[in-house]
Amino acid sequence: TGDELDSDAEDITEDSSSIRMCSAAEIPDIEAQVPGVLVTQIVPLEEVKANIAEWKPAMLKELTGLIDKGAIEQLSGDQLQQLMKDFPNTKQLPAKGVFTIKPIMRYKCRMVVCGNYVDKNEIVVELYAGGVDATTFRMVVREAALRKWALAAVDVSQAFLNALLDLPYKVIVYPPAIAIQAGVCTPEEAWLVHKALYGLRESPALWGDHRDCYLRAFQITLHGSVIRLRQCCTDRNMWQLYARATDALKRTCKLWATLR
């Protein structure tokens, strides 16, 4: 009511002596009080060079991961020369290192291709790779809240590297100079790229096609009913679960709803 508001205003006025603007020096530095990094930070290359021994394990881990994933194949000088003779339209691109520190104080290196060196006019595959529309996402969240559905998220580690690099030409990448300085790579080596390496213009679309192919083939059997995914017509990045409802499946869903 108006009387209550007036009363609150009087209380604030009477106690106004305890309210004042603080100077910057008086505000505690929360980050300084908490050890480590609270959010992911990008580290400049010069800082990495100055502490290259500390970053070497992260670079080695990234290179090992690319090899184990089948994303690249290390070539010697002789192998590279032979490849260029056999495939003269091969694209040769440099790579660079992207360095970050993740919570808490975890060093991470990502070796990416400088795909901008390829002229857009030379690219012959579709590059578009969309994500779920914001309106679709808000609609799903609202529907889940109204129906008391559970929401979950999943992260696909090194997602792009699951997709094959299906191009009409070969791609050769030269290791980042910083990796050579650290002794992780040799100056003579080159990488033949087999999968959608980060930095290539084609990689997002190749990953999207690869992901959708697997989602279309996805199916599980629950209580005798086969559950599949169906791609929506209104938003191709949204998928629905559908199944022929058996009595056992209906009982399971009803029980789950009751427990919720």
Side-chain angles (χ1 to χ4, degrees), residues 24-75 80 91-120 123 127 129-131 153-163 165 171-208 210-211:
E26 294 177 286
I27 300 175
D29 186 355
I30 302 299
E31 291 190 10
Q33 297 176 16
V34 180
V37 176
L38 300 179
V39 295
T40 300
Q41 296 181 358
I42 297 176
V43 181
L45 185 59
E46 292 304 317
E47 186 174 330
V48 175
K49 289 180 179 179
N51 303 277
I52 198 165
E54 296 180 15
W55 285 95
K56 184 174 180 178
M59 286 186 265
L60 189 59
K61 181 180 179 180
E62 171 70 359
L63 178 60
T64 303
L66 293 176
I67 296 171
D68 291 346
K69 198 83 173 179
I72 63 170
E73 177 185 347
Q74 292 174 298
L75 302 180
L80 176 60
K91 305 295 183 187
Q92 301 183 70
L93 303 171
K96 68 176 184 179
V98 177
F99 300 90
T100 56
I101 298 181
K102 292 180 170 289
I104 302 218
M105 295 306 294
R106 183 165 63 90
Y107 289 19
K108 182 174 178 60
C109 168
R110 168 89 21 109
M111 296 182 185
V112 302
V113 185
C114 298
N116 56 303
Y117 278 72
V118 179
D119 193 311
K120 289 183 179 180
I123 298 175
L127 297 182
V154 63
D155 178 54
V156 180
S157 179
Q158 294 182 311
F160 285 9
L161 303 186
N162 290 289
L165 190 67
V171 176
I172 288 293
V173 171
Y174 294 96
I178 187 68
I180 296 174
Q181 294 175 26
V184 174
C185 304
T186 64
E188 299 80 17
E189 76 176 76
W191 303 338
L192 175 60
V193 182
H194 294 297
K195 294 192 175 179
L197 212 60
Y198 288 91
L200 291 172
R201 298 183 195 271
E202 300 91 346
S203 292
L206 291 172
W207 156 243
H210 175 85
R211 175 202 60 210

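Bear in mind the structure is a predicted one, so any value in this text is a computation, not a measurement. When a residue number appears, it is its place in the shown sequence, counting from 1. Any value given below was found using the heavy atoms of this structure, including those in side chains, with hydrogens, waters and symmetry copies removed.
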Where is the tightest heavy-atom contact between [X] and [Y], given as atom of each residue plus distance?
X	Y	answer
A129	A205	CB-N, 3.6 Å
P187	I180	CG-CG2, 3.9 Å
A190	Y174	CB-CE2, 3.8 Å
F99	C109	CE2-SG, 3.6 Å

Please report the interatomic distance [atom1]([X]) to [atom2]([Y]), rounded to the nearest 0.5 Å.
X	Y	atom1	atom2	value
Y117	R201	OH	CZ	12.0 Å
C185	I178	SG	CD1	11.0 Å
H210	K195	NE2	NZ	7.5 Å

Could you list the donor-acceptor pairs under 3.5 angstrom formed by side chains in residues 56-73, with sequence neighbours left out?
from, atom 1, to, atom 2, distance (Å)
K56, NZ, A182, O, 3.4
E62, OE2, M111, N, 3.2
T64, OG1, L60, O, 2.8
K69, NZ, N162, OD1, 3.4
E73, OE1, H194, NE2, 2.9

Answer yes or no: is there a side-chain heavy-atom contact under 4.5 Å between [X] and [Y]?
X	Y	answer
C114	L93	no
Y198	V98	no
I172	L192	yes
V118	L200	no
P175	W191	yes

Could you go step by step and tell me if L127 and E202 meet the side-chain contact (heavy atoms from CB on, under 4.5 Å) rule? CA-CA 5 Å; L127 297 182; E202 300 91 346; 3.9 Å; yes

Could you tell me whether the side chain of T40 and the main chain of K102 form a donor-acceptor pair under 3.5 Å? no

With sequence neighbours left out, what residues match T186 under side-chain contact (heavy atoms from CB on, under 4.5 Å)? E188, E189

For residues 45-55, tabulate all N or O donor-acceptor pairs below 3.5 Å that involve a side-chain atom, not counting sequence neighbours.
from, atom 1, to, atom 2, distance (Å)
N51, ND2, E47, O, 2.9
E54, OE1, Y107, OH, 3.3

In terms of heavy-atom contacts, does NZ of K91 have more than 12 from other residues, nucleotides or ligands at under 6.0 Å? yes

